[in-house]
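Before any comments, here is the structure.
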Amino acid sequence: MAATNVHAGQGGAAAAVAAYLHQHETKGLLRFITCGSVDDGKSTLIGRLLYESKGLFEDQLAALDKDSRRHGTQGDNIDYALLMDGLAAEREQGITIDVAYRFFSTDKRKFIVADCPGHEQYTRNMATGASTAEVAVVLVDARKGLLTQTRRHSYIVSLLGIRHVVLAVNKMDLVGYDQSVFDEIVAGYRELAAQLGIAHVTAIPLSALQGDNLLQRSPNTPWYRGTSLLEYLETVEVAAHGGAIGFRLPVQWVNRPNQDFRGFAGTIAAGVVRPGDEIVALPSGRRSKVARVLCAQGDVESAIAGQSITLTLADELDISRGDVIAAGNQPPQVSDQFAAHLLWMGEHSLLPGRPYWLKIGTRTVSASVTEIKHKVDVNTQDQLAAKHLELNEVGYCNLYLDHAIAFEAYADNRELGGFILIDRQTNATVAAGTIDFALRRAGNIHWQHVDVDKAARARSKAQVPRCAWFTGLSGSGKSTVANLVEKRLHAMGHHCYILDGDNVRHGLNKDLGFTDEDRVENIRRVAEVARLMVDAGLIVLVSFISPFRAERRMAREMFDAGEFVEVFVDTPLAVAEQRDVKGLYAKARAGRIPNFTGIDSPYEAPEHAELVLDTVHETPETLAEQVIARLLG
Ligand SMILES: Nc1ncnc2c1ncn2[C@@H]1O[C@H](COP(=O)(O)OS(=O)(=O)O)[C@@H](OP(=O)(O)O)[C@H]1O
Ligand SMILES: Nc1ncnc2c1ncn2[C@@H]1O[C@H](COP(=O)(O)OP(=O)(O)O)[C@@H](O)[C@H]1O
């Protein structure tokens, strides 16, 4: 028996975990999570499991060596990934997760326990701990019975696809080992489990403190005929996720040491592979056959889920990191739109329409939530309307990706169905997600070919289409300068159009106000319109406050290189407020306009604008000339 301890966010874990797993290599591994609060006796239970199993050693491990596990390097340690894979990849993104991993083993199995504290940050902590666990031990205090937190934890357990739950009814000694107390709690829990779709529930009466039914059956509960907790953990059969589906290899890197060898390396997410198997590379859909399957020791006859391999193929296919090589006769789906659950972990709320990085398997693409269908009260599972998601909230959302990816429903395969969302400015992990299904409309909408293209339209107008994107505070001078620019360009015979916030908000965007989420949508829509206008060959002048960097960046990325010219109308707040052309600042200061930019709603100044206009020292005419020079240059 051996046990060791590692805290996520601390670590040096790579080497220690690798060493630990190697030492017990021949035994099966079970990952489980414990949920419940300290009051329920969770610490006692875990401590006792480790202690009573004898031979305990505890070892605090030094800080995680970030470099050692940077993705895409050859040095990625596979055993380490065993622990840190899946949703747990967020640690790399700098999120603080309060999950303690402990390791111990018996003669029969080795175990990794993710111990998540039950307090405040439960959602993201549990998401982290549960994302790789096969079993959840849900603790209940026999005196208190099922609590809101039992419901909450069980919901997250079910959401993250844990199929085996141990209902550990603890502190049985304090209710006199009364069978009726136990039976009542179990009956209540079975009802809950049925609602949540948890298939396998095993209830065990325990006293963590006294050791009843922990390692052996206790004489204090003669009416209980089941196994002890440890026996259960040693023997429970957990079918591998994705066992029924075909071979899937998310490609981690392409190994090309010389011209003669081109291998695709990664960890098998599901299924089995053998030389000669038909495969399909996704999302490209190209087909070939497996030539060789290589493990660390060299060529092998077959490899299975969980193993790290390098494949070579019979044909030269263009496959790169992030692609999925899959069984040719049983490929996963490919889509760019999904319905998914999101567990929001970000300090700032989720804003529909804002692009985030979505990381699934080894692939990273840009994605945004197009709609929050509802959020879920994690305590009651009630579905509530929502415009945004806050820290620790769970929402059911539609997502749109800028590239199609190979995926599987999370219920079928955690590797290809679980993802994280990453904030593009801060690189922090802001959500864990589970794919439910692809939206059918994704497959039904295709790009329609048109014969007259942007270049032809631009030629007929004898101009280079561009988008000048004016951003700045209200009253900074966006409209004034944009107007002058249009007037002059028009006089020169150019084809222009001004999209002004005030005007567009009277029509296309009249349903939007000034909350963060409405501003995100406001900018998304006008950026799409501007893009269409540039595609039509026009020079477009967008004059919106556009206060957030994320949306200005999104707008920029909609255009071809050189088309987007960000113009920062750089007027200090004090100056804009003094001008107060429309009297809005006075109203905002008087508290009559909530969420006013610069007053109680942020303005994030551009960091890399193509042009910065100084309206304090230059005249509008001079500034207009600067913009024109840039647009026609
Ligand atoms: N709460 C609040 N905050 C900021 N601005 C407000 C607000 N309420 C009304 N207005 C008026 O709306 C104009 C800004 O609209 P935009 O579409 O450019 O704003 S944003 O880009 O969505 O932030 C802005 O026009 P400009 O002064 O031309 O910038 C204001 O006149
Ligand atoms: N150098 C300058 N550039 C632009 N506007 C200026 C300048 N100096 C003073 N102003 C005045 O500032 C105000 C800017 O208002 P506006 O153009 O409507 O701003 P915005 O569109 O950014 O809300 C106008 O009254 C304009 O005359």
Side-chain angles (χ1 to χ4, degrees), residues 351-354 387-388 467-488 498-530 540-556 558 566-606 609 611-628 630:
L351 298 176
R354 172 167 290 184
K387 290 202 155 179
H388 48 79
C467 173
W469 189 283
F470 293 78
T471 171
L473 295 169
S474 172
S476 58
K478 302 182 296 295
S479 312
T480 304
V481 178
N483 246 310
L484 283 172
V485 172
E486 188 183 30
K487 218 157 58 177
R488 300 217 172 151
I498 292 189
L499 290 165
D500 190 278
D502 275 331
N503 297 345
V504 177
R505 279 177 174 277
H506 278 104
L508 177 67
N509 292 354
K510 70 178 164 201
D511 56 325
L512 302 174
F514 289 90
T515 57
D516 287 0
E517 53 268 31
D518 278 3
R519 289 182 202 253
V520 169
E521 177 61 10
N522 188 34
I523 300 307
R524 189 192 70 78
R525 286 187 203 166
V526 76
E528 291 283 2
V529 173
V540 187
L541 311 171
V542 176
S543 171
F544 277 57
I545 295 177
S546 42
F548 304 131
R549 280 187 201 117
E551 280 62 57
R552 293 194 304 264
R553 176 170 168 181
M554 170 180 72
R556 176 185 292 275
M558 288 183 187
E566 190 169 353
V567 182
F568 176 26
V569 185
D570 187 6
T571 305
L573 177 63
V575 175
E577 190 166 358
Q578 203 188 357
R579 290 179 188 161
D580 207 3
V581 193
K582 302 171 193 158
L584 297 178
Y585 282 99
K587 278 195 200 164
R589 287 288 182 200
R592 284 160 49 213
I593 311 182
N595 300 327
F596 198 82
T597 306
I599 309 292
D600 57 351
S601 180
Y603 179 78
E604 300 170 1
L611 267 179
V612 179
L613 305 187
D614 177 354
T615 72
V616 176
H617 299 101
E618 305 285 353
T619 64
E621 289 73 18
T622 313
L623 299 174
E625 286 306 331
Q626 291 178 10
V627 177
I628 291 168
R630 188 67 175 67

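In what follows, residues are counted from 1 in the order of the sequence shown. Indexing begins at 1, ligand by ligand and atom by atom, following the structure's order. Since the model is a prediction, treat every value here as computed from it, not as a measurement.
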Near Glu618 (heavy-atom distance under 4.0 Å), the atoms of ligand 2 are 1 (N)
Exercise: identify the closest heavy-atom pair between Val567 and Ala468:
CG2-CB, 4.4 Å
Please check if the side chain of Arg579 supplies one atom and the backbone of Ser476 the other of a donor-acceptor pair under 3.5 Å.
yes
Report the part of Leu613 (side chain from C-beta onward, or backbone N, CA, C, O) that has a heavy atom under 4.0 Å from ligand 2; answer both or neither where that applies.
neither
Examine the proximity of ligand 2 to Thr615 and report which part, side chain or backbone, both or neither, has a heavy atom under 4.0 Å away.
both
So which heavy atom on Leu473 is nearest to which on Ile545, and how close?
C-CG1, 4.5 Å
Does Gly472 have a non-hydrogen atom less than 4.0 Å from ligand 2?
no
Proximal ligand 2 atoms for Lys478, defined as those under 4.0 Å from one of its heavy atoms:
17 (O), 19 (O), 20 (P), 21 (O), 22 (O), 23 (O)
Out of curiosity, is Asp500 lining ligand 2, as in a heavy atom under 4.0 Å away?
no
Could you list the donor-acceptor pairs under 3.5 angstrom formed between side-chain atoms of residues 584-592 and any protein atom two or more places apart in sequence or on another chain?
from   : atom 1 : to     : atom 2 : distance (Å)
Tyr585 : OH     : Ser474 : O      : 2.6
Arg589 : NE     : Glu577 : OE2    : 2.6
Arg589 : NH2    : Glu577 : OE1    : 3.0

Are Val569 and ligand 2 in contact, using a heavy-atom cut-off of under 4.0 Å?
no
Nearest 0.5 Å, please: how far is CG in Leu611 from CD in Gln626?
6.5 Å
What pairs meet the side chain to side chain donor-acceptor pair (under 3.5 Å) rule with one or both residues in residues 477-487, with sequence neighbours excluded?
Ser479-Asp500
Counting from 1 in the order shown, the ligand 2 atoms closer than 4.0 Å to a non-hydrogen atom of Leu473 are 22 (O)
Closest heavy-atom pair and its distance - Ala482, Leu541
O-CD1, 3.5 Å
Output the set of protein residues with a heavy-atom contact under 4.0 Å to ligand 1, ordered first by chain identifier and then by residue number.
Ser474, Gly475, Lys478, Gly501, Asp502, Arg505, Phe514, Arg519, Asn522, Ile523, Phe544, Ile545, Ser546, Pro547, Lys582, Leu584, Ile593, Pro594, Asn595, Phe596, Thr597
Please identify which atoms of ligand 2 are closer than 4.0 Å to at least one heavy atom of Val581.
13 (C), 15 (O), 25 (O)
Gln578 atom CD, neighbour heavy-atom count above 12 within 6.0 Å
no
Closest approach of Ala605 and Phe568, non-hydrogen atoms and distance?
CB-CZ, 3.8 Å
Does anything in residues 510-519 form a salt bridge (Lys or Arg N to Asp or Glu O under 4.0 Å)? List the pairs, not counting sequence neighbours.
Asp511-Arg525
For atom 17 (O) of ligand 2, what is the closest protein heavy atom, and at what distance to 0.1 Å?
Thr480 OG1, 2.4 Å
